[in-house]
Amino acid sequence: MKLYNTITGRDEEFVPVGDKVKMYVCGITPYAPCHMGHAMSYVIFDVLRRYLEFQGYEVEHVQNFTDVDDKIIQRAQEEGVCPQELAERHIQEFMDSMGALNVKSAGVYPRATQEIPHIIEVISSLIEKEYAYAVEGDVYFRVTKDRDYGKLSHRTLEGMIAGARVEVGAGKEHPMDFVLWKAAKKGEPSWESPWGPGRPGWHIECTAMSLMYLGETLDIHGGGLDLIFPHHENETAQSESYTGKTPFVRYWVHNGLLQMGEDKMSKSLGNLVSLEDALNQYSPDALRIFFLGSHYRSPLTYSEEGLSATERAAERLRNVMRGSTESSADSLDPLPYKQRFLQAMDSDLNTPQALAALFDLAREINRAMESGQGVSQAQKTLEKLGGVLGLTFHRPQKKSAEGEAKPFIDLLISMRTDLRAARQYDMADQVRSRLDELGVVLEDTPQGTLWKYK
RNA sequence: GGCGACGAUGCCAAGUGGUCUAAGGCGCAGGUCUGCAAAACCUCUAUUCGGCGGUUCGAAUCCGCCCGUCGCCUCCA
């Protein structure tokens, strides 16, 4: 398959180094609930992983938690809890939400706070190799020592300084030098180190963790576009300086950002829709179709109208799975649709086109079913390919009521069936419309009356 | 200021030199089916791709300029 590589700016044929694909996806800093932007990014990388697995690769997927940082400390103080507790709570929420979204679990979820010795080891080695220097308890990375600094984000030190928004930190040799180890201030969580008590800076944890769990060369490193600079730039600088090996990452994959009206959705702008709220309102399939309906590198704008439209689209796909006719000699052949799907996915994960193929297949199945053609094989194909996009074709079960109300609803339906048989349509229609008001939708089919919650 | 992206039908959104009178989804309208609905299916909904020039036998697709919107350069998926 072709994948767009941020560092070269081109589509490249994806070939992993070994027989297993090493994929590292930047995780969250767990100081606040996840929002739709996170969901979008992780759904995209979930689809990339599922597609690679579909193609027969084994994927070693690692996703970190940066569970110590300024924001966590600050938020914990505001809430009067300790930082670990706050982080733990949001990590748990994250895992629950990802499960609800049908995002496959990474093999390992390392946490910054649990890799401190390794982080210290990497920093020490960078100092030894003169890629880093300590100043009063802080340690900085020396960007001027790294010849190709800026290669990922395609910028130069001069260009960045011209931006004039860089902070000339006390003790920094160069304004762009960034911190590897932060000396502890009073009341902050800290660990002992050769440079005094402190904690890791942002970026270094990913270097330490990816080296630890995947080795010196990653096949794929992913994250949002907003991580390219400074996070991934710094990460690659550190990693390659530490190992002496290039490239640290063979394919850099970045997704476009979710916009909220005019701006991007982000914690700092406070214009977010929490994933939890969205999951309460829309099915996981609908959310996924919404994200995958535009190409992963394009920005996508959140909208209620868009989501409700996608919910109806998801419902259509579900309906295709309701009935079936056994495959026979003149059955619907799903192969052309499968080929279209694969071709789309091979072309830098073109999920909008892949989805288009699935919707066309869905229509053909409905059509064939009406004309009595066999469709069970085609349905299996649809389910399997949809599965590559992480679609379940299930409507989420309403929490409690479903089971309890079922016998009563079934009873009403059977009475209504009798009324209809007796041609008492007024009464029958009344049952249907009263149930509708209660959120239960009836549908009369040749096989009997089906019902579902709205 | 530097780097980059985008501008398409009522809305969302693929396509990046001819097969495009532009995929797919949602919506709208008409029809089939149905006791009526619902679901499903059929038909319909951009001769046109921000504007102006240019390259080419040929451009939504390449180049230039202009207008508009956005992202990164600072914490961020």
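When reading the values below, keep in mind they use all heavy atoms of this one structure, side chains included, and skip hydrogens, waters and symmetry mates. Residue numbers start from 1 in every chain, and the chains themselves are labelled A, B, ... in the order their sequence lines are given, proteins ahead of strands. Since this is a predicted model, take the numbers as computed values, not measurements.
- Comparing the C1' positions of B/rC49 and B/rC75 gives a spacing of 39 Å, expressed to the nearest Å.
- Atom P of B/rA46 sits at a distance of 26 Å from the matching atom of B/rG53, rounded to the whole Å.
- Taking the ring centroids of A/F94 and A/Y42, they lie under the 6.0 Å cut-off.
- Side-chain N/O atoms of A/D429 and base N/O atoms of B/rG35 include a donor-acceptor pair closer than 3.5 Å.
- Between the side chains of A/T144 and A/D146, no donor N or O sits under 3.5 Å from an acceptor N or O.
- One C1' atom belongs to B/rC28, the other to B/rU19, and the distance between them is 30 Å to the nearest Å.
- Within the nucleic acid shown, A/H254 has no heavy atom closer than 4.0 Å to any nucleic acid atom.
- Side-chain proximity of A/R340 to the nucleotides B/rC41, B/rA23, B/rC73 is greatest for B/rA23.
- When distances are taken from the side chain of A/D444 to each of B/rG35, B/rA77, B/rC41, the shortest belongs to B/rG35.
- Dashed line: the shortest gap from a side-chain N or O of A/S298 to OP1 or OP2 of B/rA14 is under 4.0 Å.
- Among the protein residues, A/G306 comes within range of no part of the nucleic acid, since none of its heavy atoms lies under 4.0 Å from any strand.
- If you run salt bridge (charged side-chain N to carboxylate O under 4.0 Å, His left out) between A/E240 and each of A/K145, A/R147, A/K151, only A/K151 comes through.
- Closest to the side chain of A/L300, from the set B/rA77, B/rC36, B/rA13, is B/rA13.
- For A/Y140 and A/F178, the gap between ring centers reaches or exceeds 6.0 Å.
- Within the 4.0 angstrom heavy-atom criterion, only backbone atoms of the sugar-phosphate kind lie near A/N366; the bases stay farther away.
- Here A/R312 does not reach the OP1 or OP2 of B/rG25: none of its side-chain N or O atoms lies under 4.0 Å away.
- At a threshold of 4.0 angstrom between heavy atoms, the contacts of A/Y42 are confined to the sugar-phosphate backbone, with no base atom among them.
- Distance from the side chain of A/N255 is smallest to B/rA77 among B/rA77, B/rC73, B/rC41.
- Side-chain proximity of A/R363 to the nucleotides B/rA40, B/rG24, B/rC72 is greatest for B/rG24.
- The residue among A/S308 and A/H232 whose nearest nucleotide of RNA chain B is located toward the 5' end is A/S308.
- Which of B/rA23, B/rC36, B/rA39 sits closest to the side chain of A/E443 comes down to B/rA39.
- Annotation: cation-pi pair A/R155/A/F229 present, NZ/CZ under 6.0 Å from the ring centroid and within 45° of its normal.
- For the residue pair A/S331 and A/Q377, no side-chain donor N or O sits within less than 3.5 Å of a side-chain acceptor on the partner.
- Side-chain N/O atoms of A/Y213 and A/E115 include a donor and acceptor closer than 3.5 Å.
- Distances were taken from every side-chain heavy atom of A/H38 (C-beta onward) to each of B/rC73, B/rA77, B/rG25; the shortest belongs to B/rA77.
- Using atom P as the reference point in both B/rG71 and B/rC63, the two lie 25 Å apart (nearest Å).
- Put simply, the side chain of A/N5 gets close to the backbone of A/R250: a donor and an acceptor are under 3.5 Å apart.
- Separation of the P atoms belonging to B/rA8 and B/rA23 is 16 Å when rounded to the nearest angstrom.
- Among the heavy atoms of the strands lying under 4.0 Å from A/N319 are primed sugar atoms or P, OP1, OP2 only; no base atom is included.
- Paired regions of RNA chain B, where each region holds three or more successive Watson-Crick or G-U pairs whose two hydrogen-bonding distances fall under 3.5 Å, are B:1-7 with B:67-73, B:10-12 with B:24-26, B:29-32 with B:40-43, B:50-54 with B:62-66.
- At a threshold of 4.0 angstrom between heavy atoms, the contacts of A/E370 include nucleobase atoms, whether or not backbone atoms are also involved.
- Using a 4.0 Å heavy-atom criterion, one finds that A/D69 contacts no nucleic acid atom at all.
- Where A/M40 and A/H295 meet RNA chain B, the nucleotide closest to each residue was compared, and A/H295 sits on the side nearer the 5' end.
- Distances were taken from every side-chain heavy atom of A/K71 (C-beta onward) to each of B/rC75, B/rG25, B/rG35; the shortest belongs to B/rC75.
- Between A/R297 and B/rC6 there is no side-chain polar atom (N or O) within less than 4.0 angstrom of OP1 or OP2.
- A heavy atom closer than 4.0 Å to some atom of RNA chain B occurs in A/R416, A/R420, A/Y425, these being the qualifying members of residues 413-428 of chain A.
- For the P atoms, the distance linking B/rG35 with B/rA29 amounts to 24 Å, nearest Å.
- Across B/rU74 and B/rU16, the matching C1' atoms stand 35 Å from one another, rounded to whole Å.
- The side chain of A/R155 has B/rG2 as its nearest neighbour among B/rG2, B/rA77, B/rA37.
- For CZ of A/R322, the number of neighbouring non-hydrogen atoms (other residues, nucleotides, ligands) closer than 6.0 Å is greater than 12.
- Within the 4.0 angstrom heavy-atom criterion, base atoms lie near A/A356.
- Comparing the P positions of B/rG24 and B/rU45 gives a spacing of 13 Å, expressed to the nearest Å.
- Side-chain contact check for A/S324 and A/Q379: at least one donor-acceptor pair (N or O, by modelled atom type) lies under 3.5 Å.
- The side chain of A/L225 approaches B/rG71 more closely than any other nucleotide in the set B/rC73, B/rA13, B/rG71.
- Contact annotation for A/G27: backbone-only contact, meaning every heavy-atom pair under 4.0 Å involves sugar-phosphate atoms and none involves a base.
- Annotation: A/H203 is not in aromatic contact with A/H232 [ring centroid separation under 6.0 Å not met].
- Here A/N350 lies in heavy-atom contact (under 4.0 Å) with sugar-phosphate atoms only.
- Of the options A/R318, A/R288, A/H394, a side-chain hydrogen bond (donor to acceptor under 3.5 Å, both in side chains) to A/S283 is made by A/R318 and by none of the others.
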